[in-house]
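Here's the structure we're looking at; comments come further down.
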Amino acid sequence: MDFTGAHILSINQFERSDIERIFEVADAMEPYALRRKATRVLEGAILGNMFFEPSTRTRVSFGAAFNLLGGEVRETTGFQNSAITKGESLYDTARVLSGYSDVICMRHPEEGSVSEFAAASRVPVLNGGDGSNEHPSQALLDLYTIRQELKDRNRGIDGLRIAMIGDLKHGRTVHSLCKLLCLFQNVQVTLVSPPELAMPEDIVEKLREAGHDVTVSEELTHSITHVDIAYSTRIQEERFKSKEEADLYRGRFRLNQAIYTQFCEPNTVIMHPLPRDSRADANELDNDLNQNPNLAIFRQADNGVLVRMALFALVLNVADQVDKYAHPVTWYSGR
Ligand code: NCD
């Protein structure tokens with residue numbers, strides 16, 4: 001695809017070569033993300049960061065990624081701080097805000113809302129999550145992490161064995177990740193959830209059409225015995241009719257060090273898009289895994305900066321100029 005000026009709304013828009021290009025640019029961003037160098041390539045550019053649902057990682061890492069490229073960030077968070085509460089349409093909001101920004105990232109609780117907004121925007125729009133639908137930048141950073149974690153083991157994305165665990169019905173990260181895996185070959189996917197929270201049938205169908213081996217299970221321990229990646233997810237409480245309904249599923253798939261030691265192959269990589277629910281009745285990934293070197297969740301979150309820098313550099317067409325505007329950093333960096 002031609003990235004210049006493109007909206008990034010869904011994994012459906014990518015081919016495998018696009019993913020390779022994004023990862024190649026993300027690799028080149030490492031010295032900047034690690035503060036070994038700084039660049040002013042986006043000096044003067046403005047990111048409109050519009051988050052109408054709670055967000056820590058996605059919002060801050062999109063902002064940090066833009067700052068690391070030398071640009072400025074203007075943020076709107078929550079409906080209460082926006083004229084949308086006065087009845088303004090997404091169309092009008094997009095027309096106006098795209099006049100103030102060079103690129104916009106948006107998260108919104110309704111499926112399809114970010115695409116609707118993008119259709120009216122005069123600048124590229126990046127989907128930071130639209131309801132239960134998609135979260136393309138998260139899937140890209142997840143796949144980038146999988147590639148990095150498996151690199152030293154002579155394993156890659158083709159031939160991957162992955163278990164996705166938890167709320168697969170509402171989890172937009174796993175929806176996008178499954179679509180992304182369809183661009184690769186020979187993937188074994190085990191989908192672990194209660195039947196009520198199963199992966200949507202159209203996505204399962206897509207995985208099968210891609211020739212992947214899909215197993216559906218309700219049971220955690222036997223599903224993680226022969227996988228490269230155990231990808232846990234949070235029960236998406238905010239998508240349920242009531243907290244009580246979400247509570248029915250909380251804590252069903254707890255993973256801790258004892259279970260890991262007993263059931264997983266050594267070196268199975270543990271991932272989670274975060275936030276993990278660490279309340280006592282949930283404990284999706286127990287704190288006793290924090291010392292496990294295969295707990296990749298914080299490396300995964302760090303990779304979000306690289307991948308989001310790559311997306312900005314590509315859609316604003318500066319990927320090949322980043323180094324030209326580089327300069328050394330002068331401050332202490334503990335990294
Ligand atoms: C996810 C999201 O918002 O979809 N978080 C994230 O962006 N890293 C997952 C979640 O909230 O459970």
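Indexing begins at 1, ligand by ligand and atom by atom, following the structure's order.
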For atom 11 (O) of ligand 1, what's the nearest protein heavy-atom neighbour? Residue, atom name and distance, please.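 For atom 11 (O) of ligand 1, the nearest protein heavy atom is R234 NH2, 2.9 Å.
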Using a strict cut-off of 4.0 Å, indicate which atoms of ligand 1 neighbour a heavy atom of [X].
{"X": "L274", "value": "1 (C), 5 (N), 6 (C), 8 (N), 9 (C)"}
{"X": "Q138", "value": "6 (C), 7 (O), 8 (N)"}
{"X": "T58", "value": "6 (C), 7 (O)"}
{"X": "P273", "value": "8 (N)"}
{"X": "H135", "value": "2 (C), 4 (O), 6 (C), 7 (O)"}

Under 3.5 Å between some N or O of ligand 1 and some N or O of Q236? yes
Between ligand 1 and R172, is the shortest N or O to N or O distance under 3.5 Å? yes
Interatomic distance, CE@M29 vs CG@L311, rounded to 0.5 Å, equals 9.5 Å
For the residue pair T173 / Q138, report whether a side-chain donor-acceptor contact shorter than 3.5 Å exists. no
What I want to check is whether the side chains of D167 and Y249 have a donor and an acceptor closer together than 3.5 Å.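 Distance-only check fails for D167 and Y249.
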For E24, does its backbone N or O pair with a side-chain atom of D27 as donor and acceptor, under 3.5 Å?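 No, because the side chain of D27 does not come within donor-acceptor range (under 3.5 Å) of the backbone of E24.
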Just so I know, are the side chains of [X] and [Y] near enough to count as touching, which here means a heavy-atom distance under 4.5 Å?
{"X": "N49", "Y": "F66", "result": "no"}
{"X": "I162", "Y": "L177", "result": "yes"}
{"X": "F51", "Y": "T58", "result": "yes"}

Sub-4.0 Å heavy-atom contact, R107 with ligand 1: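 Within the 4.0 Å threshold, so yes.
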Is G304 in contact with ligand 1, taking contact as a heavy-atom separation below 4.0 Å?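 Outside the 4.0 Å threshold, so no.
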